[in-house]
Each structure stands twice: as C-alpha cells, then as structure tokens.
Amino acid sequence: QVQLVESGGGLVQAGGSLRLSCVASGTISSINDMGWYRQAPGKQRELVARISSISSTNYADSVMGRFTISRDNAKNTVYLQMNSPKPEDTAGYYCNADSCLKSYWCNDVWGQGTQVTVPS
C-alpha cells in the first residue's frame with residue numbers, strides 16, 4: 001500500500017554536497033517518524049538521521065554538523081542534505097517511514113536504497 005522511493009544519490013567529491021530525497025506514496029493517512037539509514041559493505045545498517053512528525057531530529061554522531069534531515073509533510077517527503085561528505089560516508093542510503101493508514105494502523109516501511117559514493 002505504501003512505497004518509498006529514494007533519489008539523489010550518486011558520486012560526490014569530498015567537501016562537496018548532495019541532497020537525497022525520499023517520497024512516500026500510496027494509501028497514507030499520516031506518517032510518524034521518517035529517517036535515513038545507511039549500510040556500507042561488510043557493515044550493519046546504521047541510523048544516519050531521523051525526524052518526527054513535528055520535526056524533532058536525531059543524528060548519528062558521525063554526521064552531526066554535516067548532514068541535515070528535513071521533511072515536507074504536505075508532500076510526504078523527507079530529505080537528507082549532505083554537506084562536506086567524507087569517504088567514510090560511502091554507503092547505500094535507505095529511507096524509512098512509520099506510515100499510517102489510520103492513526104492506530106501503522107507500518108514500518110523501507111525504500112529500495114540509493115548509493116552515495118565519496119571517493120578518497
């Protein structure tokens with residue numbers, strides 16, 4: 001019923017910038033938290049940033065001060081602004097949303113991922 005589609009990934013030079021977008025579509029009454037996670041080869045998927053329905057945010061220590069998460073509730077979209085990316089930020093980035101058909105009926109939904117590569 002609900003699908004998340006990420007876009008905006010690609011190759012970015014260290015010190016540059018990149019903005020990821022994730023759009024939720026389908027039958028949606030509301031969306032609670034949304035977030036970005038990443039997974040590099042040989043590593044577990046980890047939290048990058050999350051944002052609540054009222055735009056309260058949480059960030060991984062490794063991206064604090066460099067990345068910014070935001071959302072547009074009218075568009076059911078969450079963004080990740082990546083400033084000053086580093087080679088260690090290279091990973092597949094995945095969008096996540098707690099999406100609700102009704103206020104009590106919510107599901108944790110994942111996108112397909114978008115690759116971000118920061119060469120050394």
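For the numbers below, each heavy atom of this structure counts, side chains included, while hydrogens, waters and symmetry mates do not. Note that this is a predicted model, so its numbers are computed, not measured.
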Would you say the side chain of Tyr59 lies within less than 4.5 Å of the side chain of Thr68, judging by non-hydrogen atoms?
-> yes

Donor-acceptor under 3.5 Å (Asn107 side chain, Val109 main chain) = no

When you check the side-chain N and O atoms of Asn76 and Arg71, is any donor under 3.5 Å from an acceptor?
-> no

Is it true that the side chains of Arg19 and Tyr79 contain a donor and an acceptor less than 3.5 Å apart?
-> no

Close side-chain approach of Gln112 and Glu6, heavy atoms under 4.5 Å | yes

Are Ser99 and Gln3 close enough that some pair of their side-chain heavy atoms sits under 4.5 Å apart?
-> no

Should Val23 and Ile28 be regarded as members of a common hydrophobic cluster, given that ILVMFWY residues are connected when their side-chain heavy atoms come within less than 4.5 Å of each other, either directly or indirectly?
-> no

CA sep, side-chain torsions, deciding dist, call: Lys86, Arg66, side chain to side chain contact (heavy atoms under 4.5 Å, CB included) = CA-CA 10 Å; Lys86 304 174 181 178; Arg66 299 187 297 117; 3.8 Å; yes

Under 4.5 Å between any side-chain heavy atoms of Ser56 and Ile51, yes or no?
-> no

Check the hydrophobic clustering (I, L, V, M, F, W, Y; side-chain heavy atoms under 4.5 Å; chains of links allowed) and say if Tyr94 and Val2 are grouped together.
-> no

Taking the side chain as every heavy atom from C-beta outward, state whether Tyr37 and Arg50 have any atom pair closer than 4.5 Å.
-> yes

State, to 0.1 Å, how close Ala14 and Pro119 come at their nearest heavy-atom pair, and which atoms those are.
-> CB-O, 4.4 Å

Begin with the C-alpha distance, continue with both residues' side-chain angles, and end with the deciding distance and a verdict on side-chain hydrogen bond (donor to acceptor under 3.5 Å, both in side chains) for Gln39 and Glu46.
-> CA-CA 6 Å; Gln39 187 168 23; Glu46 64 177 355; over 6 Å; no

Which of these passes side-chain contact (heavy atoms from CB on, under 4.5 Å) with Val116: Leu20, Asp89, Thr90?
-> Leu20

Residue pair Leu4 / Ala97: nearest heavy atoms and the distance that separates them | CD1-N, 3.7 Å

Nearest-0.5 Å distance that lies between atom CZ in Arg45 and atom CG in Asn96 = 9.0 Å

Assess whether side chain to side chain contact (heavy atoms under 4.5 Å, CB included) is satisfied between Asn73 and Lys75, documenting all intermediate values.
-> CA-CA 5 Å; Asn73 291 331; Lys75 297 180 179 179; over 6 Å; no

Closest non-hydrogen atom pair between Ala49 and Leu80, with its separation = CB-CD1, 4.3 Å

Is there side-chain contact between Asp98 and Ile31, with heavy atoms separated by less than 4.5 Å?
-> no

Please tell me if the side chains of Cys95 and Trp36 come closer than 4.5 Å, counting only heavy atoms from C-beta onward.
-> yes

Can you find a heavy atom in the side chain of Ser29 that is under 4.5 Å from one in the side chain of Leu101?
-> no

Donor-acceptor under 3.5 Å (Gln81 side chain, Ile69 main chain) = no

Indicate the ring-plane relationship of Tyr93 and Phe67, choosing parallel, tilted or perpendicular according to the 30° and 60° boundaries.
-> tilted

State yes or no: do Leu18 and Met64 share one hydrophobic cluster built from I, L, V, M, F, W and Y residues joined by side-chain heavy-atom distances below 4.5 Å, directly or via other members?
-> yes

